Participant: 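The structure under discussion is supplied below as structure tokens; questions concerning it will follow.
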Amino acid sequence: MNSIEIQKNVFSTGYTDWDIRDFHGYTTKRGSSYNSYLIKDDKVALIDTVKEPYANNLLRNIKERVELTKVDYVVCNHAEPDHSGALPEVLKICKNATLICNAKCKSTLSMHYDTSSWTFEVVDEKTELSLGKNTLKFINTPMAHWPESMFTYIPEKKLLFSMDVFGQHYATSRPFDYKVDPEAIEELKTYYANIIMPYPTQVTKILEKVATFDIEMIAPSHGIIWKENISKIIQAYKDWAICKSEPKLLIFYDTMWKSTAMMANAIYEGAQKSGIMIKKFDLKNTNITIITEEIIDAATVAVGSPTLNKELMPKLAESLTYVRGLLPKENNKTALAFGSYGWGKKGAQHQVHEYLKSMGCKMLFEEPIQSQYVPTKEILDECRKAGEKLADIAKT
Ligand code: FEO
């Protein structure tokens, strides 16, 4: 059997995607899963579906537990295609099912699919949909991370279906977290940084709503189901939503002939004496997913690029564009731009400087640290001193 009973008469029926490594630009090093849940009661409800190519896997898993024509409701918590892609096939086969969603989701789905033959029941936060022994309640969670997003809650089971929130791109054979589950916690953070991070105010409001519910199990749409670490993950979300920083410096850069790398190393050396956590990444060997995860709790950031045809190095431009889209403006980070140039008056470091300012970072200096060609001893000393300053700020 592929479906797993996670509580009495509640089954996990989704698809584990061991092979995915790129989720719209997010590097998913541990794969992912598209979670779907079946509740058997007097009425039968399915919570969310899966990506379109895995519709038949989902239908097979449902059929292990109930005849497909016996599905009464399909709840759509989120219209993004990794959860709604299988809806057309599911609603065609589960022909007696009514689609349950909020008004925003109904209109969003109509912009993705031909919904003309679907039977909808639009719900809101006052709706209580009885399945028999269990009741479905709905909590709107706009911008976590799409406007139509919502949670579904079963009070009788103290079970929250939290859609992408508290999710992780994490393929695993086991359905639940352990007391100590470093891989799951790591993927939770990566997921928050790369998917949920842009809307911290909304996340805080959602956490306030969640605090009013009695919850013993959180079943997200990706990754494992939380039982052991519920208070820990809620606290982590609270910290990330306020951009709570650690005494940590993040350095990332690209380099052509090692001049910018020499500057990055000098910044590192300057900061190292302080004993704070320093993370340093050459973008040739890392990816934007890791940079985004690392920036969440870094109090200070140093970003370097050489100048290539008057512009940033492409990988750095990609990273800055990606991070700018995700990092909240109220991030309280102090930043430094640095790097090398050959000729011309303004190197690409000025573009890095402007990028960091536009992200809401407070700049350490009014100008970037620049080196014409190979950095001199004086410039490397300047970088070391800047590293010291960034470490001092990170410590406070
Ligand atoms: Fe997992 Fe926003 O979709």
Side-chain angles (χ1 to χ4, degrees), residues 12-37 46-55 57-58 74-88 90 99-102 104-113 138-152 160-172 175 184 186-200 202-203 205-207 210 218-226 233 237 240-241 288-289 292-293 322 325-326 328:
S12 174
T13 48
Y15 179 78
T16 303
D17 191 346
W18 286 94
D19 299 322
I20 187 168
R21 289 293 178 270
D22 185 322
F23 188 93
H24 59 49
Y26 175 151
T27 301
T28 47
K29 67 177 187 287
R30 293 191 174 104
S32 190
S33 66
Y34 317 109
N35 297 346
S36 172
Y37 302 96
L46 183 73
I47 311 289
D48 290 317
T49 70
V50 296
K51 259 188 180 175
E52 183 271 335
Y54 311 117
N57 302 76
L58 170 63
V74 177
V75 176
C76 181
N77 279 325
H78 177 28
E80 194 164 9
D82 50 331
H83 310 295
S84 69
L87 271 177
V90 167
L99 184 65
I100 306 293
C101 64
N102 63 32
K104 179 70 87 176
C105 190
K106 183 179 178 186
S107 70
T108 308
L109 288 170
S110 74
M111 290 182 260
H112 284 78
Y113 310 105
F138 308 96
I139 307 153
N140 290 327
T141 58
M143 304 321 296
H145 63 117
W146 278 23
E148 84 300 339
S149 303
M150 73 173 190
F151 293 169
T152 298
L160 183 73
F161 298 102
S162 64
M163 183 250 320
D164 282 342
V165 175
F166 305 120
Q168 332 96 56
H169 281 314
Y170 184 24
T172 172
E186 181 187 320
E187 293 302 338
L188 178 86
K189 183 180 178 190
T190 311
Y191 192 90
Y192 180 91
N194 285 273
I195 303 286
I196 308 290
M197 187 161 68
Y199 305 104
Q202 288 86 342
V203 169
K205 281 184 190 155
I206 290 163
L207 295 174
V210 164
I218 296 180
S221 296
H222 298 285
I224 55 162
I225 296 162
W226 300 100
I233 64 170
Y237 258 61
W240 296 329
I288 53 178
T289 307
T292 310
E293 179 196 329
Y322 185 73
L326 289 163

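Model, not experiment: these values are computed from the prediction. Side chains are part of it too, since the values below use all heavy atoms of this structure and drop only hydrogens, waters and symmetry mates. Remember, it's 1-based here, ligands and their atoms both numbered in the order they're listed.
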Participant: Quick one: does Trp240's side chain have a donor or acceptor within less than 3.5 Å of a partner on Tyr192's backbone?
Facilitator: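 Checking the backbone N and O of Tyr192 against the side chain of Trp240, no donor-acceptor pair under 3.5 Å is found.
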Participant: State, to the nearest 10 degrees, the angle whose vertex is atom 1 (Fe) of ligand 1 and whose arms point to OD1 of Asp164 and NE2 of His83.
Facilitator: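 Asp164 OD1 and His83 NE2 form an angle of 80° at atom 1 (Fe) of ligand 1.
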Participant: Tell me whether Ser36 contacts the main-chain N or O of Asp48 through its side chain, where contact means a donor paired with an acceptor under 3.5 Å.
Facilitator: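 Yes, Ser36 side chain to Asp48 backbone: donor-acceptor pair under 3.5 Å.
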Participant: Taking just the N, O or S atoms of His145, which one is nearest to atom 2 (Fe) of ligand 1?
Facilitator: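 Among the N, O or S atoms of His145, the one closest to atom 2 (Fe) of ligand 1 is NE2.
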Participant: Looking at Glu80, pick out the N, O or S atom nearest to atom 2 (Fe) of ligand 1 and give its name.
Facilitator: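 Among the N, O or S atoms of Glu80, the one closest to atom 2 (Fe) of ligand 1 is OE1.
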Participant: Can you give the angle Asp82 OD2 - atom 1 (Fe) of ligand 1 - His222 NE2, rounded to 10°?
Facilitator: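 For OD2 of Asp82 and NE2 of His222, the angle centred on atom 1 (Fe) of ligand 1 reads 80°.
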Participant: Evaluate the salt bridge (charged side-chain N to carboxylate O under 4.0 Å, His left out) criterion for residues Lys106 and Glu148: first the C-alpha distance (whole Å), next the side-chain angles of each, then the deciding distance (0.1 Å), finally the verdict.
Facilitator: CA-CA 8 Å; Lys106 183 179 178 186; Glu148 84 300 339; over 6 Å; no
Participant: Does the Thr141 side chain pair with the main chain of Ser149, one donor and one acceptor, at a distance under 3.5 Å?
Facilitator: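 Such a contact is found between Thr141 side chain and Ser149 backbone.
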